[in-house]
Amino acid sequence: MKAAGRSVRTRLRDRVAASDPGLLRLMAGLRTVGAIALALLVLRLFDADVTHLVAGAMVAMVATFAIREKQRGAQAVTLALGLPVALASVTLSTLLTSWVVVGDVFFVVLIFCAVYGRRFGDRGTTLGLIGFQVYFVSLFVGAEPAQLPSLWGAVVLAFACSATVRFGVVATTSAGVLQRLRQAFRARLAQLIAAQIALLEAGPEDVDRVLESMREGTARLHETALMIQSRLEEGTPDQSTARLVQRRIADAEIAAERLGLLLLTARSAERADTLTLHLPGAVTPLVDHAPAQDEAMAKLRRDLGALQTLVLRPPAEARGTALAHLRNRLLGYREEENLPRAGAALQDVFRGIGEAARAVMGLRIALDGPQDESDDSPATARSREELDAEDAAIDAGEERAAEEEPTGLRRPTTRAALQVAVGSSLAIVGGEFLSSQRWYWAVLTCWIVFLNTSSTGEILVKGYRRVLGTILGVVAGIVLAGLVGDHTWTAFALVLLFVFAMFYTAPLSYTLMSFFVTAMLGLLYTVLQTYSLSVLLLRVEETALGAACGIFAAALVLPVRTDRRTNELLGTVLERLVDVTEGAVDQLSGGPPADLLDTARDLDQALGDLRAATQPLTHPITPMRARRDTAQYVVALLETCAYHARSLAATAELLPTHPSIAADPRLRGAVGRTVRNIEAIAARVADEDAAVEVETGPSIASLLEQRADGVPRYGRITGRVLRHLERLDEAVVGLARPLDVPVAAPRR
């Protein structure tokens with residue numbers, strides 16, 4: 001029973017870790033709720049009135065969620081600098097209340113400065129956010145000059161409570177966050193393997209559902225890998241350790257993706273859209289159902305389960321003869337040991353399991369330290385030697401040159417600051433017509449729709465989601481206000497619940513976050529004795545007005561249209577794709593070692609930016625269905641290209657230490673056509689009148705298939721490289737049609 005209970009707890013922990021990598025959302029919610037609750041408790045002990053309770057709670061929330069730095073020291077400095085900014089903001093907001101025009105002009109200037117401050121990094125963004133939000137809090141509670149001394153005290157206390165919770169009650173360290181992210185990576189890796197097992201067993205009616213599960217599992221694993229990479233510098237003791245963990249994470253991710261591809265190739269299925277799965281390759285039916293084939297399939301199910309066990313087993317339980325036996329058996333497939341009698345496609349799956357087992361062992365060594373080697377088989381010992389040789393080859397890398405940053409009005413922060421200043425001015429004027437007391441809601445919405453957006457389309461989608469969430473929140477606020485009545489502390493308890501839900505759901509759904517914000521504000525109006533149905537309806541009107549003003553300003557003031565933004569990002573993705581492909585192939589051809597992992601990470605980041613920028617084009621409500629389908633198709637093809645480029649980079653990283661991989665100088669010439677095609681597509685994206693075309697011709701494999709004496713030149717590892725180059729070449733040619741690039745006839 002005890003073991004069963006521990007197993008249930010382990011599964012629950014892994015599920016939570018996989019759904020919230022690093023527990024970042026959970027910790028953010030708990031930290032913010034804790035700061036608000038502590039501020040309310042202390043203010044209550046000082047017998048503060050409702051106005052100061054609400055002001056203290058909201059400032060504590062702002063002081064907590066505004067901090068963006070990852071290192072505790074930097075967080076402390078920013079929090080200390082934020083206090084005088086908050087005091088100045090609440091003072092000016094209160095004193096300028098009686099001078100309407102002066103107050104409005106200052107508010108617009110403050111908004112411009114807050115947005116412009118983003119160019120100074122996380123600290124500038126945080127200080128601007130604190131200044132704006134505290135100014136808004138003063139307007140919300142209707143602060144008067146006579147209340148200033150007590151408001152100062154509430155602000156100071158709120159910052160003190162935020163610091164107490166951040167650095168004491170809900171303390172987190174970069175190393176701790178990284179450790180939880182590692183656990184999340186293992187959990188998501190195990191979930192992806194579970195989806196691959198389900199694919200093996202799925203009937204024709206379940207294939208679509210399982211493929212969708214594999215697609216989601218692959219995307220989530222990649223998301224967690226990127227999150228880990230963003231935390232490595234702060235969470236590891238030195239650069240060498242960071243690079244080791246980065247390499248092992250990349251190896252495990254690529255091995256899992258490759259295993260999924262091999263399963264798709266070997267799996268009999270009626271329909272499998274591998275582009276939407278982000279794993280290229282065709283699915284070929286298995287026609288051999290002989291007893292040997294059935295036995296091999298049963299063995300495959302068993303070994304996939306064993307691989308999942310190796311991934312999930314905690315470090316304290318990762319010892320023992322039974323686990324060593326599983327590891328030895330799986331790693332033996334890398335050495336062609338005990339491969340079942342089956343078709344070539346199915347045997348490749350077993351080899352893929354062996355490669356995945358090696359990646360899992362390398363990941364465990366990097367994350368948990370040296371392992372027990374007493375029960376190693378010869379194949380396992382050789383894998384350990386390869387890993388040790390790779391570890392010894394890791395160096396600190398080279399400094400990368402800083403990219404040239406735009407200047408003047410071309411700088412994104414300057415453009416956004418001007419846009420939001422114009423939009424806020426319109427929102428103030430329009431908001432005053434709707435309500436002379438609560439015009440600031442329109443300004444708040446205009447401000448928010450510009451946060452983390454880069455094009456008019458993104459602002460339009462965010463504004464729509466804000467309005468929808470607000471409408472739903474108003475309905476909830478009406479119901480809750482009637483239920484709460486005059487029970488102040490019941491209302492505050494619900495406010496804390498909604499604040500937690502707001503921060504927990506923010507990365508998942510902006511509409512949900514807006515819903516919880518509006519429902520929370522309805523409760524705060526109830527506490528302040530200013531609640532009415534007309535007030536909540538006014539909030540909807542002001543929100544719609546603010547969103548409209550933001551969209552109008554974005555469309556007319558130095559506009560960045562979605563097409564232009566996506567074309568710029570598409571060009572960046574193609575440029576990064578060339579860098580990764582050429583760097584990997586150059587190293588595989590015998591060139592000098594290069595920092596391919598960082599280059600591949602740049603490609604992933606560029607692709608993530610493009611994916612986010614195409615959301616306005618791929619949103620379900622978009623009326624332009626053809627453009628939506630084209631955008632989705634292009635992004636899927638680019639993700640296919642990125643997968644193969646990452647795989648090439650990972651293989652090239654192994655070249656100096658892997659005994660079974662040899663450089664082949666001819667690869668450099670064979671990939672030339674692919675690189676030229678990528679550059680041609682990039683030129684057409686940058687200039688639609690560019691006279692370029694995409695080349696086609698013989699397969700890359702056929703270019704290297706034989707030497708002059710007719711003897712095959714490459715083995716299994718080189719064959720894998722060629723398959724990646726083949727699929728990359730095919731995917732690049734596939735990009736030509738949706739991007740309207742002519743395709744030349746094959747040359748004889």
Side-chain angles (χ1 to χ4, degrees), residues 31-32 34-69 73-100 102-118 120-168 424 440 443-444 447 499 524 528:
R31 189 183 302 117
T32 307
I36 296 173
L38 183 59
L40 289 174
L41 177 61
V42 176
L43 286 170
R44 181 60 179 171
L45 293 177
F46 283 101
D47 201 25
D49 59 21
V50 170
T51 298
H52 291 81
L53 287 173
V54 172
M58 295 184 73
V59 172
M61 180 177 69
V62 172
T64 304
F65 80 76
I67 303 297
R68 292 169 174 256
E69 286 94 346
Q75 292 174 1
V77 172
T78 302
L79 196 59
L81 293 175
L83 179 57
V85 171
L87 291 173
S89 184
V90 72
T91 301
L92 290 170
S93 175
T94 303
L95 294 178
L96 294 177
T97 301
S98 55
W99 288 283
V100 177
V102 176
D104 290 348
V105 171
F106 176 78
F107 199 15
V108 172
V109 173
L110 174 64
I111 290 170
F112 175 88
C113 294
V115 176
Y116 187 78
R118 297 184 200 172
F120 302 108
D122 288 340
R123 182 162 294 160
T125 302
T126 296
L127 296 180
L129 187 59
I130 289 175
F132 171 83
Q133 293 286 3
V134 173
Y135 196 100
F136 167 80
V137 168
S138 178
L139 296 174
F140 179 78
V141 299
E144 299 178 356
Q147 297 175 308
L148 264 180
S150 55
L151 279 176
W152 290 338
V155 170
V156 172
L157 189 145
F159 269 76
C161 291
S162 176
T164 300
V165 173
R166 175 178 294 277
F167 301 116
S424 298
Y440 45 79
V443 182
L444 179 67
W447 156 278
V499 168
L524 291 179
L528 292 169

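Nothing fancy with the numbering, it's 1 onward along the sequence.
Looking at heavy atoms from C-beta onward, Val156 lies in side-chain contact with Leu87 at the 4.5 angstrom threshold. With a 4.5 Å cut-off on side-chain heavy atoms, Leu79 and Gln75 do not count as touching. When side chains are defined from C-beta on, Leu148 counts as touching Leu95, because their heavy atoms get closer than 4.5 Å. Here the side chains of Val62 and Phe136 are not in contact, with every heavy-atom distance at 4.5 Å or above. Using a 4.5 Å heavy-atom cutoff, the side chains of Leu83 and Val155 are in contact. In this structure the side chain of Phe120 never reaches within 4.5 angstrom of the side chain of Thr126, judged on heavy atoms. Using a 4.5 Å heavy-atom cutoff, the side chains of Leu444 and Gln133 are in contact.
When all heavy atoms of Leu92 and Phe106 are compared, the closest pair comes out as CD1-CZ, 3.2 Å. Between Gly128 and Ala114, the shortest heavy-atom distance links the atoms O-CB, 3.3 Å. Ala39 and Ala60 make their closest contact through CB-CB, 4.1 Å (heavy atoms, listed as atom of the first residue, atom of the second, distance). Of all heavy-atom pairs between Phe159 and Ala86, the closest is CE1-CB, 3.6 Å. Nearest heavy atoms, Pro84 versus Ala80: CD-O, 3.0 Å. Heavy-atom minimum distance, Arg166 versus Ile67: NH2-CB, 3.4 Å.
Residues Phe107 and Phe132 bring their aromatic ring centres within 6.0 Å.
The side chain to side chain contact (heavy atoms under 4.5 Å, CB included) check on Ala143 picks up Thr94, Ser138, Val141, Gln147, Leu151, with sequence neighbours excluded. A search for side chain to side chain contact (heavy atoms under 4.5 Å, CB included) contacts involving Ala57 returns Ile36, Leu40, not counting sequence neighbours. Residues satisfying the salt bridge (Lys or Arg N to Asp or Glu O under 4.0 Å) test with Arg123, not counting sequence neighbours, are Glu69.
Applying the salt bridge (charged side-chain N to carboxylate O under 4.0 Å, His left out) test to pairs two or more places apart or on separate chains, none has a residue in residues 128-155. Within the structure, no pair that satisfies the salt bridge (charged side-chain N to carboxylate O under 4.0 Å, His left out) test touches residues 41-60, not counting sequence neighbours. The ring-ring contact (aromatic ring centres under 6.0 Å, His included) analysis of residues 46-66, with sequence neighbours excluded, yields the pairs Phe65-Phe503.
Counting only distance, with no hydrogens or angles, the side chain of Ser89 and the backbone of Val85 share no donor-acceptor pair below 3.5 Å. Side-chain atoms of Thr125 come within 3.5 Å of backbone atoms of Gly121 as a donor-acceptor pair (strictly under, hydrogens ignored).
For the residue pair Thr32 / Thr64, no side-chain donor-acceptor distance below 3.5 Å is found, with atom types taken as modelled.
Taking CD1 of Ile111 as the reference point, atom SG of Cys113 lies at 10.5 Å (rounded to 0.5 Å). Taken to the nearest 0.5 Å, the OG atom of Ser162 stands 9.0 Å off from the CZ atom of Arg31.
Cys161 pairs in a side chain to side chain contact (heavy atoms under 4.5 Å, CB included) with only one of the listed residues (Leu43, Leu41, Val59, Leu38), which is Leu38.
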- [ ] Show the numbers, then the answer: is there a side chain to side chain contact (heavy atoms under 4.5 Å, CB included) between Leu524 and Met58?
- [x] CA-CA 10 Å; Leu524 291 179; Met58 295 184 73; 4.2 Å; yes
